[in-house]
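Down below is the structure, laid out as structure tokens.
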Amino acid sequence: MAEKTKARKLAQAAPTSTQFSDATVTRGPGGETHQVSEGGVPVLTTAQGIPVYDDQNSLKVGPRGPVLLEDFALREKLFHFDHERIPERVVHARGFGAHGFFEITDPALAKLSTADVFQRVGEQTPAFVRFSTVAGNKGSADVARDVRGFAVKLYTQQGNWDIVGNNIPVFFIQDAIKFPDLIHAAKQEPDRGFPQAQTAHDNFWDFLSLSPEAMHMAMWIMSDRTLPRSFRFMEGFGVHTFRLIDVAGKSTFVKFHWKPKLGLQSVVWNEAVKLNGADPDFHRRDMWDAITGGDFPEWEFGVQIFDEAFVESFDFDVLDATKLIPEELVPVKIVGRLVLNRVVDNFFAETEQVAFSTGNVPPGIGFTNDPLLQGRNFSYLDTQLKRLGSTNFTHLPINAPKCPFHTLQQDGHMAMINPRGRANYEPNSWGPEKGGPRESPTIGYKPAAEQISGDKLQARGDLFADHYSQARQFYVSQTAVEQLHIKDAFVFELSKVETPAIRARMVSHLLNIDKGLAKTVADGLGLLEMPKPAIPARKVIETLPPSPALSIIQNGPKRFEGRKLGILVTDGVDMALLGALQKAVEGAGGLVELVAPKVGGVVCSDGMLMPAKQKVNGGPSVLYDAVAILPSAEGAALLAQEATAKDFVNDAFAHAKFIAYGPHATVLFDKINLTADLDAGCLALKKPADAAAFIQACGALRFWPREAKTHAV
Ligand code: HDD
């Protein structure tokens with residue numbers, strides 16, 4: 001009996017033994033088999049399963065003789081290593097992915113679309129999301145000024161639905177034919193191979209200033225939208241107008257939105273510059289720590305739904321990806337949610353090999369004739385063949401549907417799912433049991449019904465030609481601080497442009513958007529004379545009202561949840577104040593990290609050793625959303641000698657962060673001539689109860705009134 005129980009326990013604990021008689025061979029959790037040596041450790045083998053005797057030395061003649069070609073383990077190991085790299089994505093090369101689920105929380109879409117994923121409120125659909133930058137190569141830094149990809153793969157019961165969006169609701173261009181030009185202009189210049197991951201160079205602004213259609217997007221990329229504090233605090237947009245198709249084939253227009261539960265937040269440019277130096281993996285580490293720490297990022301799934309009548313009445317063409325529909329005009333109705341709750345097991349297998357396409361839509365979701373979308377539908381499938389090297393990229397687990405699927409496709413490189421039996425064609429005479437899958441007029445994918453006629457020509461809709469009205473609306477929708485950041489960004493970027501005519505040409509466009517903006521940028525560039533305004537192809541609508549939904553600061557979280565407080569401490573730190581701060585942050589759903597002169601930590605006022613997370617020169621305040629300066633008297637004198645401790649405080653102040661400070665911090669503040677500038681964003685911690693008030697204040701995320709004093713153009 002005991003033997004049986006033991007065998008069963010073993011079987012439950014470790015996977016069952018395989019068909020091999022040898023009891024030392026067991027099946028791994030993923031079904032793989034491996035030979036177990038003593039102590040349950042798998043034996044290292046070659047890819048052919050041959051157990052390896054010695055992985056430290058090649059096979060030689062004598063210890064100092066020549067290496068033998070017959071060393072197949074050596075050959076295979078080097079051979080595989082030499083072929084590890086696959087082409088990186090031609091855009092969005094640098095990305096970070098995570099698993100989770102999508103859930104419909106409102107039945108509203110069930111009637112408008114037959115898509116199975118909308119039919120059952122509360123049902124969770126597996127999801128995989130990859131966030132990315134656009135211009136940088138795979139090894140570039142996370143916090144570059146750039147659009148962020150927000151690609152969502154929903155493994156629905158009717159096949160994979162990919163909503164391949166960005167964190168910006170519009171795009172640079174209207175017709176996919178210009179995409180190669182856009183990307184060529186944005187990325188490293190072909191003769192010199194730089195700059196990496198930045199648009200501040202001649203080619204980009206030359207192309208943009210010669211492409212008026214990009215002016216709306218130009219405003220977005222010069223705003224704080226392209227400096228997100230975290231993937232968790234940014235929106236996502238499907239950009240294009242799609243269709244919801246109901247059971248009668250009638251379609252309703254729709255735009256898709258992802259709204260972060262934790263509100264919107266960005267960093268300021270000077271912070272981004274320092275962040276990329278301090279931690280080039282800042283965004284992916286943030287995501288990894290949040291998910292592995294059980295703080296699952298969540299977005300509300302929203303839709304803007306509208307009909308032909310709205311299309312006729314709207315000032316712009318809904319097929320134009322450089323235009324958005326203000327939420328105040330067509331509200332975003334929240335109908336679902338997306339939660340990311342699992343990091344990948346293997347970065348390459350999942351995040352690198354995942355393949356998205358706008359063309360992957362289930363029944364009930366349809367396309368519109370948006371020329372950018374139409375081109376995308378072609379490009380993604382094409383690029384996957386190049387990148388993943390085989391037409392069978394859907395055989396990779398990350399790309400495989402999680403619903404039953406039956407194609408009559410066969411062979412091709414790395415085919416792992418060939419149809420069984422003799423039917424690899426259709427129609428055939430082999431009957432349903434042997435004849436393989438059949439098409440289905442009842443549940444098969446049907447596009448939206450649409451009457452189309454017209455001459456063959458290369459042109460765009462008339463309304464496409466308005467390139468400034470919504471660019472202006474975006475600008476007037478920003479708070480003063482955000483407008484300041486946009487001005488600074490244009491001045492910074494165009495100052496890196498070496499050709500004066502390109503700078504002037506950009507200013508001529510800005511004159512059609514906002515004269516104050518144009519003048520500040522011209523002054524900031526030192527233009528000797530103001531250029532004439534570019535001639536708009538369509539009259540600019542200067543009455544579009546501000547849309548508060550377009551501002552980050554007006555859509556912040558109002559709480560410190562999901563954010564991080566960095567506390568600069570030294571030996572003798574007041575444990576009552578430190579404990580109260582830690583309690584207040586954790587109570588608000590935030591995280592605390594201690595920064596100290598040594599990473600070994602500090603001995604607190606109560607004699608307790610408190611390990612630090614960062615040594616002060618490796619833990620600059622740019623890593624945190626707010627800081628506290630809690631040295632002892634001696635510690636403050638020590639920090640006052642430490643350049644990086646002074647930077648820690650100076651940067652936090654310059655970046656408009658909330659600063660809490662203990663009774664001895666002023667020794668450090670005096671050293672950097674800050675004491676006189678302390679403002680309402682700097683709160684003294686005199687007693688433990690002050691900690692809660694400080695964290696409450698930090699819910700505003702930044703003390704923007706300080707910005708005007710410390711910002712530079
Ligand atoms: Fe694209 C990748 C989003 C325009 C062609 N695109 C890619 C990714 C995202 C987007 C998020 C990364 C997917 C991943 O993580 O693997 N792209 C957009 C958005 C666009 C857009 C929101 C405009 C509204 N893209 C666009 C156009 C074309 C492409 C106009 C071509 C005509 N995009 C591609 C691509 C990529 C890609 C070349 C490169 C890597 C990949 O597809 O898998 O096919």
Side-chain angles (χ1 to χ4, degrees), residues 86-99 127-138 142 146-153 160-187 211 213-214 216-217 220-221 225-226 228 231 234-242 255-258 283-284 287 318-324 340 344 347-360 367-368 370-389 393-394 396 398-399:
I86 66 171
E88 69 176 34
R89 290 166 174 78
V90 66
V91 276
H92 295 270
R94 181 178 181 78
F96 187 79
H99 294 275
F128 185 79
V129 179
R130 183 173 181 274
F131 301 99
S132 49
T133 51
V134 179
N137 296 349
K138 199 161 159 286
D142 276 347
D146 196 354
V147 178
R148 290 312 183 279
F150 195 131
V152 179
K153 186 178 288 286
N160 295 348
W161 178 20
D162 293 349
I163 306 175
V164 195
N166 280 339
N167 74 329
I168 287 180
V170 292
F171 200 62
F172 295 94
I173 53 174
Q174 296 170 325
D175 188 319
I177 197 170
K178 297 309 297 168
F179 190 67
D181 306 284
L182 166 72
I183 301 304
H184 286 178
K187 282 179 156 273
S211 310
E213 71 197 72
H216 187 193
M217 187 68 167
W220 281 84
I221 61 168
R225 290 278 176 157
T226 45
F231 298 136
M234 67 183 199
E235 288 182 289
F237 302 90
V239 182
H240 308 287
T241 298
F242 289 90
K255 278 186 180 268
F256 299 116
H257 295 252
W258 301 106
H283 282 161
R284 50 177 64 178
M287 201 68 173
V318 298
L319 300 184
D320 175 357
T322 65
K323 307 295 186 301
L324 53 78
L340 296 181
V344 297
F347 189 87
F348 180 85
E350 297 161 76
T351 302
E352 279 315 287
Q353 292 195 125
V354 67
F356 293 96
S357 169
T358 45
N360 295 346
F367 307 118
T368 58
D370 170 341
L372 197 76
L373 176 59
Q374 300 279 320
R376 292 184 70 195
N377 285 351
F378 169 78
S379 173
Y380 287 77
L381 184 55
D382 185 34
T383 205
Q384 309 313 356
L385 299 185
K386 174 76 188 171
R387 205 162 65 75
L388 298 170
F393 64 84
T394 54
L396 295 169
I398 191 68
N399 295 322

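As the structure is a prediction and not an experimental result, all values here were calculated from the model. Numbers here are sequence positions counted from 1. We count ligands from 1, going down the list as the structure has it; atoms in each ligand are counted the same way.
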(request) Using a strict cut-off of less than 4.0 Å between a Lys/Arg side-chain nitrogen and an Asp/Glu carboxylate oxygen, indicate whether Asp175 and Lys178 qualify as a salt bridge. (result) no
(message) Tell me whether ligand 1 is touched by Phe378 - counting only heavy atoms on the residue side and a distance under 4.0 Å.
(response) no
(message) Could you check whether any side-chain N or O of Gln384 sits under 3.5 Å from a backbone N or O of Ser379, counting only pairs where one atom can act as donor and the other as acceptor?
(response) no
(message) Which residue and atom name correspond to the protein heavy atom nearest atom 11 (C) of ligand 1, and how close is it?
(response) Gly165 O, 3.2 Å
(message) Is Gly95 close enough to touch ligand 1? Criterion: a residue heavy atom under 4.0 Å from a ligand atom.
(response) no
(message) Less than 4.5 Å apart, side chain to side chain, heavy atoms only: is that true for Leu340 and Val129?
(response) yes
(message) Under 4.0 Å, heavy-atom basis, I'd like to know which part of Val239 is in contact with ligand 1: side chain, backbone, both or neither.
(response) side chain
(message) List ligand 1 atoms under 4.0 Å from Leu372, heavy atoms only on the residue side.
(response) 23 (C), 24 (C), 30 (C)
(request) Count the heavy atoms of every other residue, nucleotide or ligand shown that sit under 6.0 Å from CD1 of Ile177, and state whether that count exceeds 12. (result) no
(request) Report the residues that fulfil ring-ring contact (aromatic ring centres under 6.0 Å, His included) with Tyr380, sequence neighbours left out, ordered by chain and then residue number. (result) none
(message) Give me the residue, atom name and distance of the protein heavy atom closest to atom 41 (C) of ligand 1.
(response) Thr383 CG2, 3.4 Å
(request) Establish, for the pair Lys153 and Phe356, whether the NZ or CZ atom is under 6.0 angstrom from the six-membered ring centre and no further than 45 degrees off its axis. (result) yes
(message) Considering non-hydrogen atoms of the protein only, which is the closest contact for atom 16 (O) of ligand 1, and what is the distance?
(response) Arg89 NE, 2.7 Å
(message) Is there a polar contact between ligand 1 and Arg130, counting only N or O atoms under 3.5 Å apart?
(response) yes
(message) For Val344 and Phe128: C-alpha separation, side-chain torsions, deciding distance, then whether side chain to side chain contact (heavy atoms under 4.5 Å, CB included) applies.
(response) CA-CA 10 Å; Val344 297; Phe128 185 79; 3.6 Å; yes
(request) May I have the step-by-step check of ring pair (Phe, Tyr, Trp, His ring centres under 6.0 Å) for Trp161 and Phe242, ending in yes or no? (result) CA-CA 13 Å; Trp161 178 20; Phe242 289 90; 8.0 Å; no
(request) Quick one: look up the protein heavy atom nearest atom 13 (C) of ligand 1 and list residue, atom name and how far away it is. (result) Phe356 CD1, 3.9 Å
(request) Check the side chains of Thr394 and Asn399 for a donor-acceptor pair under 3.5 angstrom, ignoring hydrogens and angles. (result) no
(message) List ligand 1 atoms under 4.0 Å from His240, heavy atoms only on the residue side.
(response) 24 (C)
(request) Answer yes when Glu88 and Arg94 have at least one side-chain N-carboxylate O distance shorter than 4.0 Å, and no when they do not. (result) no
(message) Can you name the atoms of ligand 1, numbered from 1 with element, that are less than 4.0 Å from a heavy atom of Phe150?
(response) 11 (C)
(message) Closer than 2.8 Å to atom 1 (Fe) of ligand 1: how many protein N, O or S atoms are there?
(response) 1
(request) Give yes if a backbone or side-chain nitrogen or oxygen of Ser132 is under 3.5 Å from a nitrogen or oxygen of ligand 1, and no if not. (result) no
(request) Without swapping roles, check the side chain of Asn360 against the backbone of Asp162 for a donor-acceptor pair under 3.5 Å. (result) no
(request) Just say parallel, tilted or perpendicular for the rings of Phe237 and His257, cut-offs at 30° and 60°. (result) perpendicular
(message) What protein heavy atom lies closest to atom 22 (C) of ligand 1? Include the residue and the distance to one decimal.
(response) Asn166 ND2, 3.1 Å
(request) Please state whether Lys178 comes within less than 4.0 angstrom of ligand 1, counting heavy atoms only. (result) no
(request) Please report which non-hydrogen protein atom sits nearest to atom 32 (C) of ligand 1, along with the residue it belongs to and the distance in Å to one decimal place. (result) Ala176 CB, 3.7 Å
(message) Under a 3.5 Å threshold, yes or no: a donor from one side chain and an acceptor from the other, between Arg130 and His92?
(response) no
(message) Could you check whether atom CZ of Phe348 has more than 12 heavy atoms from other residues, nucleotides or ligands sitting under 6.0 Å from it?
(response) yes
(message) Suppose we measure from atom 43 (O) of ligand 1 to each protein heavy atom; which comes out shortest, and what is that distance?
(response) Gln384 NE2, 3.3 Å
(message) Give me the residue, atom name and distance of the protein heavy atom closest to atom 38 (C) of ligand 1.
(response) Val90 CG1, 3.4 Å
